[in-house]
Number of protein chains: 2
Amino acid sequence: MSAAKTEKFTTEETELADIAKALAHPARVKILKILSNKNICMCGDIVNLLPLAQATVSQHLKELKRVGFIQGEIEGPKTCYCLNNTFLAKAEDSLIKYFNKIKKGKNSSCKTKKR
Amino acid sequence: MSAAKTEKFTTEETELADIAKALAHPARVKILKILSNKNICMCGDIVNLLPLAQATVSQHLKELKRVGFIQGEIEGPKTCYCLNNTFLAKAEDSLIKYFNKIKKGKNSSCKTKKR
DNA sequence: TTCATTTATCGTATATTTACGATGAACGAT
DNA sequence: ATCGTTCATCGTAAATATACGATAAATGAA
């Protein structure tokens, strides 16, 4: 995101980009899928299902948590992660609204000499 | 994405991450919105609507083109960009299906001691 | 208390992204 | 042919992201 000069874009644009950024790595895409299987939530279990070191997985979990996709609950020395369904619904809604917006103007030009 | 070790994740995971990556910057989010306004498609016009240098905008356009969101048509010395509506529909569909998948298991645990 | 387990964080290396000025290629106009 | 316009690409700097080993913090168990 570089400096991402937040002031230079609208909040809507920045927030949508942030949601997309959380999903912009296959490991994080997979983590959310794993967490949607009710029975899996321990960090260690997630690590075992990914081709990445524990520290790296922890880093990805942190990013997902930062954006809001997941929450973590401490259970003794372990941490149980779970999806934040409220945020999930919000994120999906934002994406769908965005797609609806950009689909509206049905500009079907660009038929020739495609680069 | 680093090496992104494509082999380590499924095609589905990698493709969804790629779609998300294209939307993971506010400038690209904005570019697609701009292009959805039928009357704007010239690269120069897009540059004028963004707080970024021409070279940078061209780079963002290249990324959007790489993933498939847009196409470019050469018109003399100018280039007219437009949305790829087919891809747009496909991308939205992929995202919606993904969200439906991870929403399915309604794991509403994680109520206490949230980190 | 001491040990083993689990996970976050630190330090760090490498890769990628973002940004911009400069340059080059393509083309219309003169 | 030359000039001006438009845009892609090159070179490069700086910021982020990704990955991992090592370590620290927390806690249950012995």
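What you see is a predicted model; the values in this text were computed from it and never measured.
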Using a 4.5 Å cut-off on heavy atoms from C-beta on, say whether the side chain of [Y] contacts that of [X].
X	Y	value
A:Leu95	B:Phe99	yes
B:Phe69	B:Leu83	no
B:Tyr81	B:Ile31	no

Round to a whole Å and report the spacing from [atom1] of [X] to [atom2] of [N].
X	N	atom1	atom2	answer
A:Lys78	C:dT7	NZ	P	7 Å
B:Lys65	D:dT9	NZ	C1'	11 Å
A:Leu64	D:dA17	CG	P	13 Å
A:Glu73	C:dT6	CD	C1'	15 Å
A:Asp18	D:dT16	CG	P	13 Å
A:Met42	C:dA8	CE	C1'	16 Å
A:His60	C:dT9	NE2	P	15 Å
B:Leu52	C:dT18	CG	P	11 Å

| What are the two closest non-hydrogen atoms of B:Leu23 and B:Val29, and how far apart are they? |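 Between these two residues, the closest heavy atoms are O-CG2, 3.4 Å.
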| field | Nucleic acid footprint by protein, nucleotides 22-30 of chain C - heavy-atom cut-off 4.0 Å, B for base, S for sugar-phosphate alone | value | B----S---
| request: Looking only at side-chain atoms of A:Thr56, point me to the closest of C:dC20, D:dT6, D:dC20. | output: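 Selected nucleotide: D:dC20.
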| task | Using a heavy-atom cut-off of under 4.0 Å over every strand shown, decide if A:Gln59 touches base, sugar-phosphate, or nothing. | result |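 Base, at least one base heavy atom under 4.0 Å.
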[X] vs [N]: side-chain N/O to OP1/OP2 distance below 4.0 Å:
X	N	result
A:His25	D:dA19	yes
A:Lys21	D:dT16	no
A:Ser58	C:dA8	yes

| task | Sort out for me which residue in A:Glu13, A:Lys8, A:Glu12 forms a side chain to side chain contact (heavy atoms under 4.5 Å, CB included) with B:Pro26. | result |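 With B:Pro26 as partner, A:Glu13, A:Lys8, A:Glu12 yield a single side chain to side chain contact (heavy atoms under 4.5 Å, CB included), made by A:Glu13.
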| query | side chain to side chain contact (heavy atoms under 4.5 Å, CB included) with A:Ser58: which residues, sequence neighbours excluded? | reply |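 For A:Ser58 the side chain to side chain contact (heavy atoms under 4.5 Å, CB included) partners, ignoring immediate neighbours, are A:Gln54.
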| Taking only residues two or more places apart in sequence or in another chain, which ones pass side chain to side chain contact (heavy atoms under 4.5 Å, CB included) with A:Ile96? |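 With sequence neighbours excluded, A:Ile96 shows a side chain to side chain contact (heavy atoms under 4.5 Å, CB included) to A:Glu92, A:Asn100, B:Glu92, B:Ile96, given in chain and number order.
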| request: Name the residue closer to the 5' end of DNA chain C, choosing between B:Glu63 and A:Leu61 according to the nucleotide with the nearest heavy atom. | output: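 That would be A:Leu61.
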